[in-house]
**Student:** 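Structure below; questions to follow.
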Amino acid sequence: MDKNKPSRMYFIGKKEDFDQAKRMIVTLDGRDILIIYHQRTFYAMDLQCYHAGSSLELGDIEEVNKKLCIVCPKHKYKITLAEGEGLYKAANPAEKLSTPQWFSKGIKQRVHKVTEVDEDIFVTLSNCPGWVESDYYQTEKGRAELRKAQESKDGDEDANADEDV
């Protein structure tokens, strides 16, 4: 993201639009964004999971280590809604009776600012400097990889349909 580019608030919709839907996908400046309305709070993040590019749209929301997270439906990666932090649970193999604990992988998913003004919802794209892993799927190379994976999946489904006949 370009920290020199001035921030712009994009109108997304009315708060009432989220009362039923709870989630919305928008494309802002060529970037695919997932907006989530959960427990009367808005969150926005890159749509594709940082790990392998799967859509987070249908991910469950869970509390993990006292933080609300979206769980990637494909590989079950846990990403905090507020910060985009990747979380994992592990035990210390050097300890005989080690209890698994939650650890941070750091910021992996780019999150964006959501602002509510008189029932209108706006998103401001993050201009935090540096690379965040979910940025990859917003590049042409990352998008091409996603298209190729989808085409492969569609081809597999077509082949399986032929076998059923």
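Since the model is a prediction, treat every value here as computed from it, not as a measurement.
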**Student:** Write down the atom of Glu83, the atom of Thr80, and the distance for their closest heavy-atom approach.
**Tutor:** OE1-OG1, 3.1 Å
**Student:** Going by the ring-ring contact (aromatic ring centres under 6.0 Å, His included) test, which pairs reach into residues 121-147, not counting sequence neighbours?
**Tutor:** Phe11-Phe122
**Student:** Measuring from atom CE of Met24 to atom CD1 of Ile121, what distance do you get when rounded to the nearest 0.5 angstrom?
**Tutor:** 9.0 Å
**Student:** May I ask you to decide whether Asp120 forms a salt bridge with Lys15, counting only side-chain N to carboxylate O separations under 4.0 Å?
**Tutor:** no
**Student:** Pairing donors with acceptors under 3.5 angstrom, does anything connect the side chains of Ser98 and Asn92?
**Tutor:** no
**Student:** Share the residues that join Trp102 in a hydrophobic cluster, the rule being Ile, Leu, Val, Met, Phe, Trp or Tyr side chains under 4.5 Å apart at the heavy-atom level.
**Tutor:**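 Its cluster partners, ordered by chain and number, are Val64, Leu87.
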**Student:** Is the closest side-chain donor-acceptor distance between Ser126 and Arg110 under 3.5 Å?
**Tutor:**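 A pair is found: one side chain offers a donor N or O, the other an acceptor, under 3.5 Å apart.
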**Student:** If you apply the rule side chain to side chain contact (heavy atoms under 4.5 Å, CB included), what do you find for Ile12 with Phe18, and how did you get there?
**Tutor:** CA-CA 10 Å; Ile12 301 304; Phe18 288 89; 4.0 Å; yes
**Student:** Determine whether more than 12 heavy atoms belonging to other residues, nucleotides or ligands lie under 6.0 Å from atom NZ of Lys105.
**Tutor:** yes
**Student:** To the nearest 0.5 Å, what is the distance between CD (Glu116) and NZ (Lys14)?
**Tutor:** 10.0 Å
**Student:** Listing request: all salt bridge (Lys or Arg N to Asp or Glu O under 4.0 Å) pairs with a residue in residues 87-102, at least two apart in sequence or in separate chains.
**Tutor:** none
**Student:** Can you confirm whether Asp46 sits close enough to Asp32 that some side-chain heavy atom of one is under 4.5 Å from a side-chain heavy atom of the other?
**Tutor:** no
**Student:** Output the distance between atom CD (Gln138) and atom CG (Leu125), rounded to the nearest 0.5 Å.
**Tutor:**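 Taking CD in Gln138 and CG in Leu125, the distance rounds to 9.5 Å.
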**Student:** Between atom CD of Gln150 and atom OG of Ser55, what is the distance when rounded to the nearest 0.5 Å?
**Tutor:** 10.5 Å
**Student:** Between Gln109 and Gln48, what is the shortest heavy-atom contact and its length?
**Tutor:** NE2-O, 2.8 Å
**Student:** Is any side-chain heavy atom of Thr124 closer than 4.5 Å to a side-chain heavy atom of His112?
**Tutor:**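 No - every pair of side-chain heavy atoms lies 4.5 Å or more apart.
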**Student:** My understanding is that a hydrophobic cluster links ILVMFWY residues whose side chain heavy atoms are under 4.5 Å apart, including indirect links. Using that, what else belongs to the cluster containing Ile61?
**Tutor:** Ile25, Leu34, Ile36, Tyr43, Met45, Leu47, Tyr50, Leu56, Leu68, Ile70, Tyr77, Ile79, Leu81, Val111
**Student:** In Å, rounded to the nearest 0.5 Å, how long is the span from CG of Asp17 to CD of Glu119?
**Tutor:**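 The distance works out to 10.5 Å.
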**Student:** Can you tell if the side chain of Arg23 reaches within under 4.5 Å of the side chain of Leu58, non-hydrogen atoms only?
**Tutor:** no
**Student:** Measuring from Ile33:CD1 to Leu28:CG, what's the distance to the nearest 0.5 Å?
**Tutor:**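 Ile33 CD1 to Leu28 CG: 5.5 Å, rounded to 0.5 Å.
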**Student:** Identify, with sequence neighbours excluded, every residue that meets side chain to side chain donor-acceptor pair (under 3.5 Å) alongside Thr139.
**Tutor:** none
**Student:** Taking Arg31 first and then Asp135, would you say they form a salt bridge - that is, a charged N and a carboxylate O separated by under 4.0 Å?
**Tutor:** yes
**Student:** Check Lys108 against Gly86 and note the closest heavy-atom contact, atom names and distance.
**Tutor:**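 Smallest heavy-atom distance, with atoms named: CG-N, 4.1 Å.
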**Student:** Tell me, please, which residues at least two apart from Glu85 pass side chain to side chain donor-acceptor pair (under 3.5 Å).
**Tutor:** Lys67, Ser104
**Student:** Could you check whether any side-chain N or O of Lys66 sits under 3.5 Å from a backbone N or O of Glu63, counting only pairs where one atom can act as donor and the other as acceptor?
**Tutor:** no
